[in-house]
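Okay, structure first, notes after.
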Amino acid sequence: MGQRGIGYLGGRAVKIGYPCINWSIGCKGDRTFRLRNYSEDRLISTVRNNLDCLLKMLRFNVTHDILFFRITSDLIPFASHSVCEFHWQGYFRKELEEIGGFIQGNRIRISMHPDQFVLINAEDNGIVERSIEELQYHAEVLDLMRLDETAKIQIHIGGVYKDKGKSMKRFIATYEGLDEVIARRLVIENDDTRYTAQDCLRLSADTGIPVLFDTFHHQLNGSGEGVPEILAPTSSTWRDTDGLPMVDYSTQNRNNRKGRHAESIDSEEFAEFLEATKPFDFDIMLEIKDKERSASKAIELASRDARFITASKAHA
DNA sequence: CCCTGTCAAGTCACG
DNA sequence: CGTGACTTGACAGGG
(Lines give C-alpha, C1' and ligand atoms only; values in the text may rest on other atoms or scores of the structure.)
Protein backbone atom coordinates (compact mmCIF):
# COMPACT_ATOMS: atom_id res chain seq x y z
CA MET A 1 0.00 0.00 0.00
CA GLY A 2 1.07 3.58 -0.43
CA GLN A 3 4.26 4.05 -2.34
CA ARG A 4 5.31 0.99 -4.19
CA GLY A 5 8.69 -0.19 -5.32
CA ILE A 6 10.01 0.74 -8.71
CA GLY A 7 10.11 -1.82 -11.48
CA TYR A 8 8.12 -4.87 -12.35
CA LEU A 9 9.63 -7.33 -9.92
CA GLY A 10 6.75 -9.15 -8.36
CA GLY A 11 4.73 -8.93 -11.55
CA ARG A 12 3.78 -5.27 -11.26
CA ALA A 13 4.65 -2.72 -13.83
CA VAL A 14 3.40 0.46 -15.34
CA LYS A 15 1.14 0.15 -18.36
CA ILE A 16 0.06 2.88 -20.73
CA GLY A 17 -3.14 3.06 -22.70
CA TYR A 18 -5.87 5.09 -24.40
CA PRO A 19 -9.65 5.10 -24.21
CA CYS A 20 -12.24 3.42 -26.39
CA ILE A 21 -11.32 4.38 -29.95
CA ASN A 22 -8.51 3.45 -32.30
CA TRP A 23 -8.21 5.70 -35.35
CA SER A 24 -5.85 3.61 -37.42
CA ILE A 25 -7.27 0.11 -37.72
CA GLY A 26 -10.34 0.92 -39.77
CA CYS A 27 -13.12 -0.22 -37.47
CA LYS A 28 -15.15 1.45 -34.74
CA GLY A 29 -15.98 -0.42 -31.59
CA ASP A 30 -18.36 2.19 -30.18
CA ARG A 31 -21.02 2.21 -32.85
CA THR A 32 -24.53 2.92 -31.70
CA PHE A 33 -27.86 4.05 -33.11
CA ARG A 34 -30.85 6.18 -32.24
CA LEU A 35 -33.28 4.96 -29.62
CA ARG A 36 -36.20 5.34 -32.04
CA ASN A 37 -34.44 2.91 -34.37
CA TYR A 38 -34.05 0.27 -31.69
CA SER A 39 -34.67 -3.29 -32.75
CA GLU A 40 -33.24 -6.62 -31.70
CA ASP A 41 -31.64 -7.07 -35.11
CA ARG A 42 -30.12 -3.65 -34.96
CA LEU A 43 -28.77 -4.31 -31.48
CA ILE A 44 -27.29 -7.67 -32.44
CA SER A 45 -25.55 -6.41 -35.56
CA THR A 46 -24.18 -3.36 -33.75
CA VAL A 47 -22.91 -5.37 -30.79
CA ARG A 48 -21.37 -7.96 -33.08
CA ASN A 49 -19.48 -5.18 -34.85
CA ASN A 50 -18.41 -3.62 -31.56
CA LEU A 51 -17.12 -6.87 -30.09
CA ASP A 52 -15.26 -7.80 -33.28
CA CYS A 53 -13.65 -4.40 -33.32
CA LEU A 54 -12.81 -4.47 -29.63
CA LEU A 55 -10.80 -7.65 -30.13
CA LYS A 56 -9.06 -6.12 -33.15
CA MET A 57 -8.12 -3.05 -31.11
CA LEU A 58 -6.78 -5.21 -28.31
CA ARG A 59 -4.69 -7.23 -30.75
CA PHE A 60 -3.34 -4.03 -32.27
CA ASN A 61 -2.56 -2.74 -28.80
CA VAL A 62 -0.60 -5.80 -27.76
CA THR A 63 1.58 -5.58 -30.85
CA HIS A 64 2.31 -1.98 -29.87
CA ASP A 65 2.96 -2.62 -26.17
CA ILE A 66 -0.24 -0.80 -25.26
CA LEU A 67 -1.43 -2.83 -22.28
CA PHE A 68 -4.04 -0.56 -20.75
CA PHE A 69 -7.37 0.03 -22.44
CA ARG A 70 -10.70 1.62 -21.62
CA ILE A 71 -13.67 -0.25 -23.05
CA THR A 72 -16.39 2.04 -24.34
CA SER A 73 -19.70 2.26 -22.50
CA ASP A 74 -21.36 2.03 -25.93
CA LEU A 75 -20.21 -1.57 -26.33
CA ILE A 76 -23.81 -2.75 -25.86
CA PRO A 77 -26.00 0.24 -26.77
CA PHE A 78 -29.06 0.72 -24.56
CA ALA A 79 -28.02 -2.25 -22.42
CA SER A 80 -29.43 -0.64 -19.28
CA HIS A 81 -32.39 1.02 -20.96
CA SER A 82 -35.87 -0.39 -20.45
CA VAL A 83 -36.23 -0.71 -24.23
CA CYS A 84 -33.65 -3.49 -24.17
CA GLU A 85 -35.23 -6.79 -23.27
CA PHE A 86 -32.73 -8.80 -25.25
CA HIS A 87 -30.53 -11.19 -23.28
CA TRP A 88 -27.25 -10.05 -24.78
CA GLN A 89 -25.41 -11.65 -21.85
CA GLY A 90 -26.32 -15.11 -23.12
CA TYR A 91 -26.28 -14.33 -26.82
CA PHE A 92 -22.73 -12.94 -26.78
CA ARG A 93 -21.39 -15.07 -23.96
CA LYS A 94 -18.79 -16.81 -26.10
CA GLU A 95 -17.52 -13.63 -27.71
CA LEU A 96 -17.20 -11.90 -24.35
CA GLU A 97 -15.35 -14.89 -22.92
CA GLU A 98 -13.01 -14.95 -25.88
CA ILE A 99 -12.17 -11.27 -25.46
CA GLY A 100 -11.71 -11.78 -21.73
CA GLY A 101 -9.37 -14.66 -22.43
CA PHE A 102 -7.30 -12.49 -24.73
CA ILE A 103 -7.16 -9.75 -22.10
CA GLN A 104 -6.01 -12.12 -19.38
CA GLY A 105 -3.57 -13.96 -21.63
CA ASN A 106 -1.83 -10.72 -22.45
CA ARG A 107 -2.11 -9.16 -18.98
CA ILE A 108 -4.04 -6.19 -20.32
CA ARG A 109 -5.40 -3.74 -17.73
CA ILE A 110 -9.00 -2.71 -18.32
CA SER A 111 -11.15 0.20 -17.23
CA MET A 112 -14.61 1.46 -18.12
CA HIS A 113 -15.98 4.95 -17.58
CA PRO A 114 -19.75 5.46 -17.53
CA ASP A 115 -20.88 8.92 -18.61
CA GLN A 116 -21.60 11.94 -16.43
CA PHE A 117 -25.27 11.06 -16.05
CA VAL A 118 -24.41 8.17 -13.74
CA LEU A 119 -25.12 9.62 -10.29
CA ILE A 120 -25.58 7.22 -7.43
CA ASN A 121 -26.14 10.20 -5.12
CA ALA A 122 -28.79 12.09 -7.09
CA GLU A 123 -31.67 13.63 -5.14
CA ASP A 124 -34.09 12.00 -7.56
CA ASN A 125 -34.35 8.34 -6.70
CA GLY A 126 -35.20 7.45 -10.30
CA ILE A 127 -31.82 8.78 -11.41
CA VAL A 128 -30.13 6.72 -8.72
CA GLU A 129 -31.92 3.58 -9.86
CA ARG A 130 -31.07 4.13 -13.52
CA SER A 131 -27.47 4.86 -12.57
CA ILE A 132 -27.21 1.59 -10.68
CA GLU A 133 -28.69 -0.23 -13.69
CA GLU A 134 -26.01 1.34 -15.85
CA LEU A 135 -23.28 0.31 -13.40
CA GLN A 136 -24.75 -3.19 -13.33
CA TYR A 137 -24.38 -3.38 -17.11
CA HIS A 138 -20.73 -2.32 -16.91
CA ALA A 139 -20.04 -4.88 -14.19
CA GLU A 140 -21.76 -7.61 -16.22
CA VAL A 141 -19.56 -6.93 -19.23
CA LEU A 142 -16.42 -7.28 -17.14
CA ASP A 143 -17.78 -10.29 -15.26
CA LEU A 144 -18.72 -12.07 -18.50
CA MET A 145 -15.14 -11.49 -19.63
CA ARG A 146 -14.17 -13.15 -16.35
CA LEU A 147 -11.86 -10.30 -15.45
CA ASP A 148 -10.71 -10.00 -11.88
CA GLU A 149 -11.22 -7.10 -9.49
CA THR A 150 -8.41 -5.08 -11.07
CA ALA A 151 -10.74 -4.23 -13.97
CA LYS A 152 -12.34 -1.02 -12.76
CA ILE A 153 -15.38 1.12 -13.38
CA GLN A 154 -14.57 4.77 -12.81
CA ILE A 155 -17.17 7.44 -12.10
CA HIS A 156 -17.28 11.04 -11.05
CA ILE A 157 -19.13 11.74 -7.85
CA GLY A 158 -21.33 14.66 -8.90
CA GLY A 159 -24.83 15.19 -7.54
CA VAL A 160 -23.82 18.30 -5.61
CA TYR A 161 -26.90 20.52 -5.98
CA LYS A 162 -25.08 23.25 -4.05
CA ASP A 163 -24.46 21.10 -0.97
CA LYS A 164 -21.40 18.91 -1.20
CA GLY A 165 -21.72 17.64 2.33
CA LYS A 166 -25.17 16.22 1.73
CA SER A 167 -24.06 14.98 -1.66
CA MET A 168 -21.25 13.00 -0.02
CA LYS A 169 -23.61 11.59 2.57
CA ARG A 170 -25.98 10.38 -0.14
CA PHE A 171 -23.05 8.89 -2.04
CA ILE A 172 -21.92 6.92 1.00
CA ALA A 173 -25.45 5.70 1.72
CA THR A 174 -25.94 4.41 -1.82
CA TYR A 175 -22.43 3.02 -2.06
CA GLU A 176 -22.85 0.97 1.09
CA GLY A 177 -26.00 -0.60 -0.34
CA LEU A 178 -24.47 -1.45 -3.72
CA ASP A 179 -24.27 -5.03 -4.87
CA GLU A 180 -20.76 -6.40 -4.44
CA VAL A 181 -20.42 -7.08 -8.18
CA ILE A 182 -20.49 -3.30 -8.66
CA ALA A 183 -18.80 -2.16 -5.46
CA ARG A 184 -15.70 -4.31 -5.99
CA ARG A 185 -14.99 -2.56 -9.28
CA LEU A 186 -16.07 0.99 -8.53
CA VAL A 187 -13.50 3.76 -8.22
CA ILE A 188 -14.00 7.53 -7.97
CA GLU A 189 -12.24 10.17 -10.02
CA ASN A 190 -11.70 13.87 -9.34
CA ASP A 191 -13.60 16.01 -11.86
CA ASP A 192 -12.94 19.40 -13.41
CA THR A 193 -15.57 21.45 -11.58
CA ARG A 194 -16.94 19.83 -8.44
CA TYR A 195 -15.07 17.10 -6.62
CA THR A 196 -11.36 17.70 -6.15
CA ALA A 197 -8.88 14.93 -5.44
CA GLN A 198 -9.01 15.97 -1.76
CA ASP A 199 -12.80 15.59 -1.78
CA CYS A 200 -12.40 12.13 -3.29
CA LEU A 201 -9.89 11.22 -0.58
CA ARG A 202 -12.36 12.33 2.08
CA LEU A 203 -15.00 10.08 0.57
CA SER A 204 -12.49 7.27 0.26
CA ALA A 205 -11.68 7.53 3.96
CA ASP A 206 -15.33 6.84 4.76
CA THR A 207 -15.95 4.12 2.18
CA GLY A 208 -12.62 2.52 1.31
CA ILE A 209 -13.27 3.24 -2.35
CA PRO A 210 -10.09 3.74 -4.42
CA VAL A 211 -9.39 7.17 -5.91
CA LEU A 212 -8.44 7.45 -9.56
CA PHE A 213 -6.36 10.59 -9.99
CA ASP A 214 -6.91 12.71 -13.10
CA THR A 215 -3.99 15.07 -13.71
CA PHE A 216 -5.87 17.46 -15.99
CA HIS A 217 -8.91 17.80 -13.73
CA HIS A 218 -6.51 18.45 -10.89
CA GLN A 219 -4.99 21.34 -12.82
CA LEU A 220 -8.44 22.82 -13.43
CA ASN A 221 -9.97 21.97 -10.07
CA GLY A 222 -7.34 21.28 -7.45
CA SER A 223 -6.34 22.82 -4.18
CA GLY A 224 -2.86 23.77 -5.28
CA GLU A 225 -1.10 20.51 -4.41
CA GLY A 226 1.63 19.29 -6.69
CA VAL A 227 1.11 16.00 -8.50
CA PRO A 228 3.49 13.94 -6.33
CA GLU A 229 1.88 15.31 -3.15
CA ILE A 230 -1.55 14.17 -4.22
CA LEU A 231 -0.40 10.91 -5.83
CA ALA A 232 0.86 9.62 -2.51
CA PRO A 233 -2.53 9.62 -0.75
CA THR A 234 -4.57 8.64 -3.82
CA SER A 235 -2.24 5.72 -4.53
CA SER A 236 -2.63 4.37 -1.03
CA THR A 237 -6.41 4.07 -1.49
CA TRP A 238 -5.79 1.14 -3.86
CA ARG A 239 -5.51 -2.24 -2.18
CA ASP A 240 -3.42 -5.06 -3.64
CA THR A 241 -6.58 -6.72 -4.96
CA ASP A 242 -7.44 -3.51 -6.85
CA GLY A 243 -4.24 -3.69 -8.85
CA LEU A 244 -1.97 -0.74 -9.49
CA PRO A 245 -3.55 2.67 -9.10
CA MET A 246 -4.94 4.12 -12.32
CA VAL A 247 -4.19 7.66 -13.38
CA ASP A 248 -5.88 9.62 -16.17
CA TYR A 249 -3.34 11.80 -17.90
CA SER A 250 -4.07 14.60 -20.33
CA THR A 251 -3.05 18.13 -21.06
CA GLN A 252 -4.72 21.33 -22.17
CA ASN A 253 -5.39 21.86 -25.85
CA ARG A 254 -3.31 24.94 -26.63
CA ASN A 255 -5.65 26.40 -29.22
CA ASN A 256 -8.95 25.75 -27.62
CA ARG A 257 -10.93 26.85 -24.64
CA LYS A 258 -10.05 25.75 -21.16
CA GLY A 259 -10.99 22.16 -20.40
CA ARG A 260 -10.46 20.82 -23.89
CA HIS A 261 -8.12 17.87 -24.26
CA ALA A 262 -4.95 18.19 -26.29
CA GLU A 263 -4.77 16.84 -29.85
CA SER A 264 -1.50 15.06 -29.31
CA ILE A 265 0.79 14.36 -26.40
CA ASP A 266 3.41 16.93 -25.47
CA SER A 267 6.54 14.81 -25.18
CA GLU A 268 8.37 17.23 -22.96
CA GLU A 269 5.51 17.59 -20.50
CA PHE A 270 5.01 13.85 -20.36
CA ALA A 271 8.70 13.22 -19.73
CA GLU A 272 8.53 15.74 -16.87
CA PHE A 273 5.47 13.98 -15.50
CA LEU A 274 7.27 10.64 -15.53
CA GLU A 275 10.24 12.20 -13.80
CA ALA A 276 8.13 13.93 -11.15
CA THR A 277 6.22 10.75 -10.34
CA LYS A 278 9.19 8.40 -10.15
CA PRO A 279 8.39 7.06 -6.68
CA PHE A 280 5.01 5.75 -7.82
CA ASP A 281 3.80 2.85 -9.88
CA PHE A 282 0.48 3.37 -11.65
CA ASP A 283 -1.20 2.61 -14.94
CA ILE A 284 -1.59 5.63 -17.19
CA MET A 285 -4.68 6.31 -19.29
CA LEU A 286 -3.91 8.97 -21.88
CA GLU A 287 -6.99 11.04 -22.57
CA ILE A 288 -5.68 12.57 -25.73
CA LYS A 289 -7.50 12.96 -29.01
CA ASP A 290 -5.17 11.07 -31.28
CA LYS A 291 -5.46 7.99 -29.06
CA GLU A 292 -3.10 5.19 -30.08
CA ARG A 293 -0.61 7.58 -31.70
CA SER A 294 0.03 9.40 -28.45
CA ALA A 295 0.02 6.12 -26.57
CA SER A 296 2.83 4.87 -28.78
CA LYS A 297 4.75 8.11 -28.30
CA ALA A 298 4.30 7.91 -24.55
CA ILE A 299 5.46 4.32 -24.52
CA GLU A 300 8.52 5.29 -26.50
CA LEU A 301 9.27 7.94 -23.88
CA ALA A 302 8.55 5.57 -21.01
CA SER A 303 10.61 2.73 -22.42
CA ARG A 304 13.67 4.11 -20.62
CA ASP A 305 11.71 4.19 -17.38
CA ALA A 306 12.36 1.26 -15.09
CA ARG A 307 8.68 1.09 -14.12
CA PHE A 308 7.48 0.36 -17.62
CA ILE A 309 6.69 -3.08 -19.04
CA THR A 310 6.37 -4.35 -22.61
CA ALA A 311 3.99 -6.96 -23.98
CA SER A 312 6.59 -9.68 -24.20
CA LYS A 313 7.66 -9.14 -20.59
CA ALA A 314 4.05 -9.07 -19.44
CA HIS A 315 3.50 -12.33 -21.25
CA ALA A 316 6.34 -14.15 -19.57
C1' DC B 1 -23.91 11.99 -51.84
C1' DC B 2 -23.85 15.84 -48.86
C1' DC B 3 -25.87 18.75 -45.34
C1' DT B 4 -27.35 19.59 -40.95
C1' DG B 5 -30.32 18.92 -36.94
C1' DT B 6 -30.35 15.93 -33.34
C1' DC B 7 -29.01 12.56 -29.99
C1' DA B 8 -31.12 8.02 -23.35
C1' DA B 9 -29.42 9.62 -19.56
C1' DG B 10 -26.72 14.43 -16.19
C1' DT B 11 -26.51 19.65 -13.81
C1' DC B 12 -26.78 24.46 -13.72
C1' DA B 13 -28.11 29.25 -14.94
C1' DC B 14 -31.47 31.98 -16.42
C1' DG B 15 -36.00 34.12 -17.60
C1' DC C 1 -41.45 25.43 -15.80
C1' DG C 2 -38.88 25.43 -20.12
C1' DT C 3 -34.68 26.32 -22.65
C1' DG C 4 -29.91 26.50 -23.71
C1' DA C 5 -25.02 25.70 -22.47
C1' DC C 6 -21.89 22.29 -21.40
C1' DT C 7 -19.22 19.09 -25.36
C1' DT C 8 -18.66 15.60 -29.14
C1' DG C 9 -18.81 12.68 -32.88
C1' DA C 10 -21.74 10.53 -35.58
C1' DC C 11 -26.38 8.92 -36.68
C1' DA C 12 -29.94 9.52 -39.94
C1' DG C 13 -33.43 11.96 -42.40
C1' DG C 14 -34.12 15.25 -46.05
C1' DG C 15 -32.61 17.56 -50.08
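Note on naming: letters A, B, ... go to the chains in the order of the sequence lines (proteins, then strands), and numbering restarts at 1 for each one.
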Ring pair (Phe, Tyr, Trp, His ring centres under 6.0 Å) partners of A:F171, counting only residues at least two apart: none

Rounded to the nearest angstrom, tell me the gap between atom NE2 in A:H138 and atom C1' in B:dA9. 12 Å

Pairwise ring-ring contact (aromatic ring centres under 6.0 Å, His included) hits with a residue in residues 38-66 of chain A, at least two apart: A:F60-A:H64

Which dot-bracket notation, 5' to 3', represents the base pairing of DNA chain B when pairs are defined as Watson-Crick or G-U with both distances under 3.5 Å, crossing pairs as [ ], and inter-strand pairs as |? |||||||..||||||

Quick one: ring-ring contact (aromatic ring centres under 6.0 Å, His included) pairs with a partner in residues 114-169 of chain A, sequence neighbours left out? A:W88-A:Y137, A:H113-A:H156, A:H156-A:H217

Scan residues 37-56 of chain A against DNA chain C and write down, sorted by residue number, each residue with any heavy atom closer than 4.0 Å; if none is found, say none. A:N37, A:R42

Under the disulfide bond (SG atoms under 2.5 Å apart) test, residues paired with A:C27 that sit two or more places apart: A:C53

Stacked pair A:F117-B:dA9, distance under 5.5 Å, angle under 30°: yes

Nucleotides 12-15 of chain B: which of its N/O atoms have a protein N/O under 3.5 Å away?
residue, atom, partner, partner atom, Å
B:dC12, OP1, A:Y161, N, 3.1

Rounded to whole angstroms, how far apart are CH2 on A:W23 and P on C:dT8? 12 Å

Assess the pair A:Y18 and A:F69: is the distance between their ring centroids shorter than 6.0 Å? yes

Can you list, in residue-number order, the parts of residues 74-81 of chain A that come under 4.0 Å of DNA chain B, counting heavy atoms only? A:F78, A:S80, A:H81

Within residues 126-136 of chain A, the residues having a heavy atom closer than 4.0 Å to DNA chain B are A:I127, A:R130, A:E134

A:D191 has an atom CG; how far is it from atom P of B:dT11, in whole Å? 14 Å

Not counting sequence neighbours, which residues clear side chain to side chain donor-acceptor pair (under 3.5 Å) with A:Q89? List them please. A:H87, A:E140

Return no unless some side-chain N or O of A:K28 is found under 4.0 Å from OP1 or OP2 of C:dG9. no

Go through the structure and list residues passing side chain to side chain donor-acceptor pair (under 3.5 Å) with A:S111, not counting sequence neighbours. none

Which atoms of nucleotides 4-7 of chain B (N or O only) lie under 3.5 Å from a protein N or O atom, and what are those distances?
residue, atom, partner, partner atom, Å
B:dT6, O2, A:R34, NH2, 3.3
B:dC7, O4', A:R34, NE, 3.4
B:dC7, O2, A:R34, NH2, 3.3

